[in-house]
Protein chains: 2
Amino acid sequence: MRKVRTVTIADVARHAGVAVSTVSYVLSGKRAISATTRQRVQESVRALGYHPNAGARALASKRANVIALVLPLRAGMNLPVLMQFATSVVATARRYDHDVLLMTADEGPEGLQRVAASALVDGLLLMDVEVRDPRVPLLRELGEPSVLIGFPADAEGLTCVDLDFARAGALCAEHLAAGGHREIALLGAPRVVYERGTGYAERTLAGFTEAARDLNAVAVPCEETYDEVAETVKLLFDRHPGLTGLVVHNEAAVGHVLAALRALGRSVPEDVSVVAICPDDVAERASPALTSVLIPAEDVGHQAVRLLMAKLDGLPADSVLLEPRLTIRESTR
Amino acid sequence: MRKVRTVTIADVARHAGVAVSTVSYVLSGKRAISATTRQRVQESVRALGYHPNAGARALASKRANVIALVLPLRAGMNLPVLMQFATSVVATARRYDHDVLLMTADEGPEGLQRVAASALVDGLLLMDVEVRDPRVPLLRELGEPSVLIGFPADAEGLTCVDLDFARAGALCAEHLAAGGHREIALLGAPRVVYERGTGYAERTLAGFTEAARDLNAVAVPCEETYDEVAETVKLLFDRHPGLTGLVVHNEAAVGHVLAALRALGRSVPEDVSVVAICPDDVAERASPALTSVLIPAEDVGHQAVRLLMAKLDGLPADSVLLEPRLTIRESTR
DNA sequence: CCCATTCATCGAAGCGCTTCGACACATGAG
DNA sequence: CTCATGTGTCGAAGCGCTTCGATGAATGGG
């Protein structure tokens, strides 16, 4: 538990026999430094195990090198995707030499206010943005660089990133239509998610409905417990006996849907074709392996950080809609 | 997008007609300040919307008011519990006026080194600690205040928090024994979790085995896909036809186990009693509602932060083992 | 009524870093 | 050979805050 005196830039400068400012310039690369000096400094840095003091750096440069990741942890959220996303954000931020401050919704919008005003972070990454998200107006007047995951109703002037869920929904419907299915259904997110007006759920539904307008198509919300899923699936087939195509946009329920079909004696893909919108690993672990449109959580996180970094550098950053990709496996024909 | 000049403590001092240091003392409460002055300053703070600059504060006080939450995001982890835990950590940290920096394992142990050396954080909270965790030795020599969630093999000198999983395992076995069951089984975590030497899984197993030494007890690992769970359950009953009690310590598999029992025509609790170790909401959502020992994620997070804060204040902090609590519902008799 | 305390406040010295302007020296054009 | 132009380096001035010691003013005991 030795309490080591921390190494400062002055120690490095002394060790290398140069001025403090020279060390700073070597580290930041903001001015030309001769190769010999640069090497000498770098060696001293290594020898002393120097790490710049974050507070001092932030104070002097007005850049904290930290971004906030705001995760409103609500019910019915897709945890695995969220985690993948968070991991990817942290990893990407590190690549840009930034760290990530974790915030939840508990503190409310004032939390954003606080971290921005205290210069704790340089920018904000908001996840799980809703169609009319209360954080959006605040965000506008805060004038803090930010990127949203998901699209609010009015995205004017904001930078947003998301999978193009409308295309994803359409892609699923089109795939089933191409397979000759005329009567299909969408099993969506839990009811509360729609009631909350969550963008991605609504947009998937819209894309699906639009693409399936010439078919016999229905859409129902879907809870995530086995019993409720089984009930929903049973009801669906009772009401639509001719149903042969199913799109499942609810990762937690995917397994249950397959189990329920099994229980009803309908085999996949012989009797029913199933397409899921979920991460690849979930689709691959299912039995049979599911034809799916993946949610590219990693890519979304990566893009979001990239855009935020661009904004921090004062560059323009347009919203990004990621093109969905359908992978055909064993659950459709 | 107006770029507001940030309000500094000097602005507040001027507005209130006092010295900068007086404002500082009002804010920190480290020296006596007359009631009238205090009020005047607090009003100015509110009027100007002042938020102390985090970098400057950290630099001057040598306290960043930030703690690191290190989440190694591995396969087979219990995501919902993890999230609950993270949420509780953030909320509790805020109550102590601290923020939370999110770190993953990707950066390796040097990441810990880095954030500690750069004074980005004041302390570390390590989650999902393994029996022989590579981060533990580094932690010791770092001399940075830290709290671990979970117990490594050698916890000497470290502060750890966890549910007493051995007691939890024992509690389940005892409950079944008290119900007259003589042949019981533990369905555990996925195999990889044991192979990795994850403390909580091993300790539950140990507690269960010890408490069930007079019974006919077996324990098997359990994967998390429906097919594998069904297979495991089937095999279990093939080999042990007299089995009437089941302990499930795998949240992701709980639903599948019930589905598999249903498929095998064994009803709960008539033919088989089932006890789960999982959060209450999962147990309550199952059908039938499960008798369970809950994983008090929220409490663990809370305690962990409390202990870390104590250490930051130079106070001693002993490890905490949380007593499990069994809730009887409809799945056992 | 004086001196020793206590209380409330102030001023100034850093904390460790970035960045601006200055300077010494080398270089090549005229 | 001189003068403009780069190059590479240095010194010093902050960045916004905390904290130490000092200073007056108010208080009370002898």
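Everything quoted here is computed from the prediction, not taken from an experiment. Letters A, B, ... are given to chains in the order of the sequence lines, protein chains preceding strands, and every chain is numbered from 1.
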Chemist: Report which part of the nucleic acid A:Ser34 touches: base, sugar-phosphate, or nothing (heavy-atom distance under 4.0 Å, all strands).
Modeler: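 Answer is sugar-phosphate: A:Ser34 comes under 4.0 Å of backbone atoms only.
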Chemist: At 4.0 Å (heavy atoms only), tell me whether B:Ser21 reaches a base, stays on the sugar-phosphate, or touches nothing.
Modeler: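 If one applies the 4.0 Å heavy-atom cut-off, B:Ser21 turns out to touch a base.
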Chemist: Classify B:Val20 by what it touches in the nucleic acid, base, sugar-phosphate, or nothing, heavy-atom distance under 4.0 Å.
Modeler: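 If one applies the 4.0 Å heavy-atom cut-off, B:Val20 turns out to touch a base.
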Chemist: For residues B:Val20 and B:Tyr25, determine if any side-chain heavy atom of one lies less than 4.5 Å from a side-chain heavy atom of the other.
Modeler: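 No, every pair of side-chain atoms sits at 4.5 Å or beyond.
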Chemist: Checking only heavy atoms, does the side chain of B:Tyr25 share a donor-acceptor pair with the base of C:dC7 at less than 3.5 Å?
Modeler: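 No, no donor-acceptor pair under 3.5 Å.
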Chemist: Need one value for A:Ser28: base, sugar-phosphate or nothing, where a base atom within 4.0 Å counts as base even if backbone is also close, heavy atoms only.
Modeler: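 Result for A:Ser28 = nothing.
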Chemist: Please confirm whether the shortest side-chain N or O distance from A:Lys62 to OP1 or OP2 of C:dT18 is below 4.0 Å.
Modeler: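 It does not, given that no N or O in the side chain of A:Lys62 lies less than 4.0 Å from OP1 or OP2 of C:dT18.
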Chemist: Picking from D:dC10, D:dG16, C:dG16, which would you name as closest to the side chain of B:Ala56?
Modeler: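 Selected nucleotide: D:dG16.
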Chemist: If you look at every strand shown and take non-hydrogen atoms under 4.0 Å, does A:Ser24 touch a base, only sugar-phosphate, or nothing?
Modeler: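 Answer is base: heavy atoms of A:Ser24 come under 4.0 Å of a base.
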Chemist: Could you check whether A:Ser24 and A:Ser21, counting side-chain N and O atoms only, form a donor-acceptor pair closer than 3.5 Å?
Modeler: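 Distance-only check fails for A:Ser21 and A:Ser24.
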Chemist: Please report, rounded to the nearest Å, how far the P atom of D:dG14 is from the CG atom of B:Asn53.
Modeler: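 Going from B:Asn53 (CG) to D:dG14 (P), I get 18 Å.
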Chemist: Any N or O donor-acceptor pair under 3.5 Å from the base of D:dT7 to the side chain of A:Arg31?
Modeler: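 Side chain to base: no pair below 3.5 Å.
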Chemist: Just checking B:Ser61: base, sugar-phosphate only, or nothing, at a heavy-atom cut-off of under 4.0 Å?
Modeler: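 Sugar-phosphate, backbone atoms only, no base.
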Chemist: Does OP1 or OP2 of D:dT9 have a side-chain N or O of A:Thr22 closer than 4.0 Å?
Modeler: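 It does not, given that no N or O in the side chain of A:Thr22 lies less than 4.0 Å from OP1 or OP2 of D:dT9.
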